[in-house]
Amino acid sequence: MAQHGSDSTDGSKGSQGQGLPKVTRVRNAVILPDGSKKEPLGSGTITGLLGVGGMANVYEIWNSQLEMTRAVKLLHPNYTEEALQRFQTEIKITAKLNHRNIIEIHTVGHWNGLPFIEMERIYGDTLEKVLEDRGALPLAVSTAIAIMIGRALHYAHTQDYVIYGTTYHGVIHRDLKPSNIMVTGDGIVKLMDFGIARPTDASIHTTDGSILGTMQYLSPEQLDGKEPDIRADIYSLGTILYEMITGIKAFPENNVSKLMLNKIKNEFRPLNEYALAIPSRLRRLVHRCMVYDREKRIRTAQEFLTEIGRIHRSICGHSPEQVVRDYLREQAVVHTEVETRRSLPVRGIAGAAGLIVVVVLVLTGLKMRSGVSSMVEDTDIPPKPETLEVPLVVDEPVSVLEPGGVDTKMPVKTDAAVQRKDAALRGKEPVATGTVKKVVASVRSREEQLQEQYGAATLFDAFGKAVNRQAWKDALELSGMLPVSDARSSRGVVYRARVLDALGNKGDLEKLLSGTSVEDGELYLIRSKLALNRGDLVSARKSILASEKTPAAFMVNRELRLERLHLEALCALQDFEQKQTDESRRLALDRWYEIKSELRTSRDHPWYREADKAMQRIAGR
């Protein structure tokens, strides 16, 4: 085992964000915990090993006083002075960054002479793992994740803070890559590992002759040895967005010499060479982030956010967090691979696309309108023709509106009653021009409408997506359409219970729970809630205890834990209101304090505000 000298490195004493106490290098080798034994570390006890890195191990610990898990990053015993310096920099910088999309540090300390950082425990995977498992991400998911990374960078780039007694404005991450980005089950993205970060206007520490960071994602100026600025992070963000869209690294070479050459020349495959319908605005944004000359690059994270936000809103109408959360909760994990296509002359592409459009429009009796070439140029691939509905019953001249507003009269068969029924289902009046004022329509079943609305192949898939999007009324309607086998499955029962609970339908919820044999932690929490509403504290607490022993298959751990804490707090409050004793007051205050502690980075959460009000009520009695 390696031996260590007795040299030491001094750091200023203090608590969070003020540096580590004096560090003494241990003479005898220290064996790091393997995570299998419950031994003290930080503010709690080790419950597992989360990861092993070249510089540090990361452990999960349980803090029994706060009843919450945390993560502890413990430096390896064979650390170098450079590693220690990076570790201290990570502590000093991250402790001063308080943002929802940046990992939060709680405290620092020593274990057997080795420094550690205690931070929030993030339930999720690195973006690197997500890309490894799933390949190319849907465009809306890619833009959603990019927005949250952009928010973290904008905050970091614009904050004033003090390090080593000097005030700085902004910090450059300098090592932005998928393995330094966490994606939680709640759909929240967290930026971490500020080990080689530095202020925007000065260098805390340098390593002469060394390139710090991961080469595939570094900006050209970092490889050239030039002083980086915030545009270096913008370049790295561009490479990450590129990889999310395609599932392929912009610089995938494993050969170091070839990789260096391609990076220095900034040679990568343009996005329009992939067989993907990528909006031209998104392609341009990625390419502008990755411009070799940083003077021509996207200048700031705010500029990036403005543009990516517009693109995201044009793709979907949901918040970035909801898009990512819904995507991660999809039942099947599918690895998506994107192929490249042969480069064709622009005229050839436009001509081929134009020919396809002509054929489609001739078949439907429509006339080609001007502007088709611009549409083709925007997507880089020919658009798919829409499936045409079969007209019904009698001949009438009808005006058909094309997307561009050009109408073409043609004889079709329609039925006024059918049109009215379909219009009522869609919630729209028939639209037309001329004297007839009718449109072509066909009757689709409600099941088909909902499947199309949620982009699902089956009713069960549509039901799952409606639940994950919290579209409770649609989900309730879909649950009544499910085949018996799906409705009685574990997912079917748990999801229907979640829907009925959200809608406050206690009667049907009681019937569902009393008639099922499905064992799931989430169902026990719903039973607890029903018992609490009846004033049955004994049954409510029994169900909470049962939920701790029963896995929840369809709820992420943090949500499950937060739901459990909330129910425990409600039980404690009800118990205090009944007993009015000092012990019940203390227990109730402790339970609501746990809610506030758990939601300390989400103070807009309704339960955080509820905790404030509950604690004021308890203290005032």
Side-chain angles (χ1 to χ4, degrees), residues 125-150 176-181 183 189 214-220 233-255 258-259 261-263 265-292 297-298 304 307-312 314-316 320 323-324 327-328 330 332-344 346 349 376-384 455:
D125 290 316
T126 64
L127 180 56
E128 181 181 51
K129 181 68 164 56
V130 172
L131 291 169
E132 180 184 320
D133 291 344
R134 298 174 182 253
L137 305 180
L139 291 182
V141 176
S142 299
T143 56
I145 292 175
I147 285 172
M148 287 184 271
I149 300 172
L176 202 61
K177 57 186 176 181
S179 61
N180 283 341
I181 297 163
V183 184
V189 170
T214 303
M215 200 172 296
Q216 280 91 346
Y217 304 97
L218 291 182
S219 66
D233 284 347
I234 298 297
Y235 181 95
S236 300
L237 177 54
T239 65
I240 294 169
L241 182 51
Y242 180 108
E243 188 172 346
M244 288 192 290
I245 294 169
T246 65
I248 300 169
K249 291 181 176 66
F251 300 94
E253 294 80 8
N254 292 320
N255 180 282
K258 187 176 180 182
L259 175 61
L261 185 62
N262 286 354
K263 287 290 296 185
K265 293 182 178 180
N266 205 40
E267 292 181 349
F268 59 90
R269 185 184 294 277
L271 288 176
N272 54 8
E273 291 187 12
Y274 289 92
L276 278 171
I278 306 171
S280 60
R281 194 167 185 171
L282 179 56
R283 289 198 318 272
R284 286 194 298 270
L285 176 62
V286 175
H287 291 165
R288 282 188 64 204
C289 288
M290 296 176 63
V291 171
Y292 181 87
R297 202 177 295 162
I298 293 287
F304 174 86
E307 184 64 8
I308 195 70
R310 289 170 179 163
I311 294 168
H312 180 77
S314 72
I315 295 173
C316 76
V323 170
V324 177
Y327 175 68
L328 293 178
E330 293 292 339
V333 176
V334 179
H335 188 91
T336 304
E337 295 185 1
V338 177
E339 296 181 353
T340 58
R341 57 172 179 258
R342 287 186 303 169
S343 298
L344 294 174
V346 174
I349 295 175
V376 173
E377 184 181 35
D378 187 59
T379 59
D380 277 343
I381 61 172
K384 294 181 180 178

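When a residue number appears, it is its place in the shown sequence, counting from 1.
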Chemist: The criterion is side-chain contact (heavy atoms from CB on, under 4.5 Å); which residues satisfy it with Glu132, sequence neighbours excluded?
Modeler: none
Chemist: Say whether, by atom type as modelled, one donor and one acceptor occur between the side chain of Arg283 and the main chain of Asn272 under 3.5 angstrom.
Modeler: no
Chemist: Check whether any side-chain heavy atom of Tyr274 sits under 4.5 Å from a side-chain heavy atom of Ile245, and report yes or no.
Modeler: no
Chemist: Run the numbers on Met244 and Leu127 for side-chain contact (heavy atoms from CB on, under 4.5 Å), then give the verdict.
Modeler: CA-CA 9 Å; Met244 288 192 290; Leu127 180 56; 4.0 Å; yes
Chemist: Would you say Val324 and Met148 make side-chain contact, with heavy atoms under 4.5 Å?
Modeler: yes
Chemist: Within 45° of the ring axis of Tyr217 and under 6.0 Å from its six-membered ring centre, is that where the NZ or CZ of Lys177 lies?
Modeler: no
Chemist: Can you tell me how far apart CZ (Arg134) and NZ (Lys129) are? Round to the nearest 0.5 Å.
Modeler: 9.5 Å
Chemist: If you round to the nearest 0.5 Å, how far is CD1 of Ile234 from CZ of Phe304?
Modeler: 7.0 Å
Chemist: Any chance you could measure Ile315, atom CD1, to Arg310, atom CZ, to the nearest 0.5 Å?
Modeler: 14.5 Å
Chemist: Classify the ring geometry between Phe268 and His287 as parallel (under 30°), tilted (30 to 60°) or perpendicular (over 60°).
Modeler: tilted
Chemist: Do any N or O atoms from the side chain of Arg297 and from the backbone of Val291 form a donor-acceptor pair under 3.5 angstrom?
Modeler: yes
Chemist: When rounded to the nearest 0.5 angstrom, what is the spacing between CG in Leu271 and CG in Leu282?
Modeler: 7.5 Å
Chemist: Taking the side chain as every heavy atom from C-beta outward, state whether Val189 and Pro320 have any atom pair closer than 4.5 Å.
Modeler: no
Chemist: So do Gln216 and Leu259 actually touch side chain to side chain, heavy atoms under 4.5 Å?
Modeler: yes
Chemist: Can you tell if the side chain of Arg269 reaches within under 4.5 Å of the side chain of Thr246, non-hydrogen atoms only?
Modeler: no
Chemist: For Leu241, does its backbone N or O pair with a side-chain atom of Ser142 as donor and acceptor, under 3.5 Å?
Modeler: no
Chemist: Quick check against the 3.5 Å criterion: does Asn266 have a side-chain atom that pairs as donor or acceptor with the backbone of Met290?
Modeler: yes
Chemist: Just so I know, are the side chains of Ile278 and Val286 near enough to count as touching, which here means a heavy-atom distance under 4.5 Å?
Modeler: no
Chemist: Closest approach of Ala277 and Leu139, non-hydrogen atoms and distance?
Modeler: O-CD1, 3.7 Å
Chemist: Should Ile145 and Val130 be marked as a side-chain contact (heavy atoms from CB on, under 4.5 Å) after you check the CA-CA gap, both sets of side-chain angles, and the distance that decides it?
Modeler: CA-CA 12 Å; Ile145 292 175; Val130 172; 5.8 Å; no
Chemist: So how far is it from Thr239 OG1 to Leu176 CG, rounded to the nearest 0.5 Å?
Modeler: 7.5 Å
Chemist: Can you give me the closest heavy-atom contact between Tyr235 and Pro220, atom names plus distance?
Modeler: CE1-CD, 3.5 Å
Chemist: Distance from Asp233 atom CG to Ile298 atom CD1, nearest 0.5 Å?
Modeler: 14.0 Å
Chemist: Any ion pair linking Glu307 and Arg281 (charged N to carboxylate O, less than 4.0 Å)?
Modeler: yes
Chemist: How close do Ser179 and Thr126 get, heavy atom to heavy atom, and via which atoms?
Modeler: O-CG2, 3.8 Å
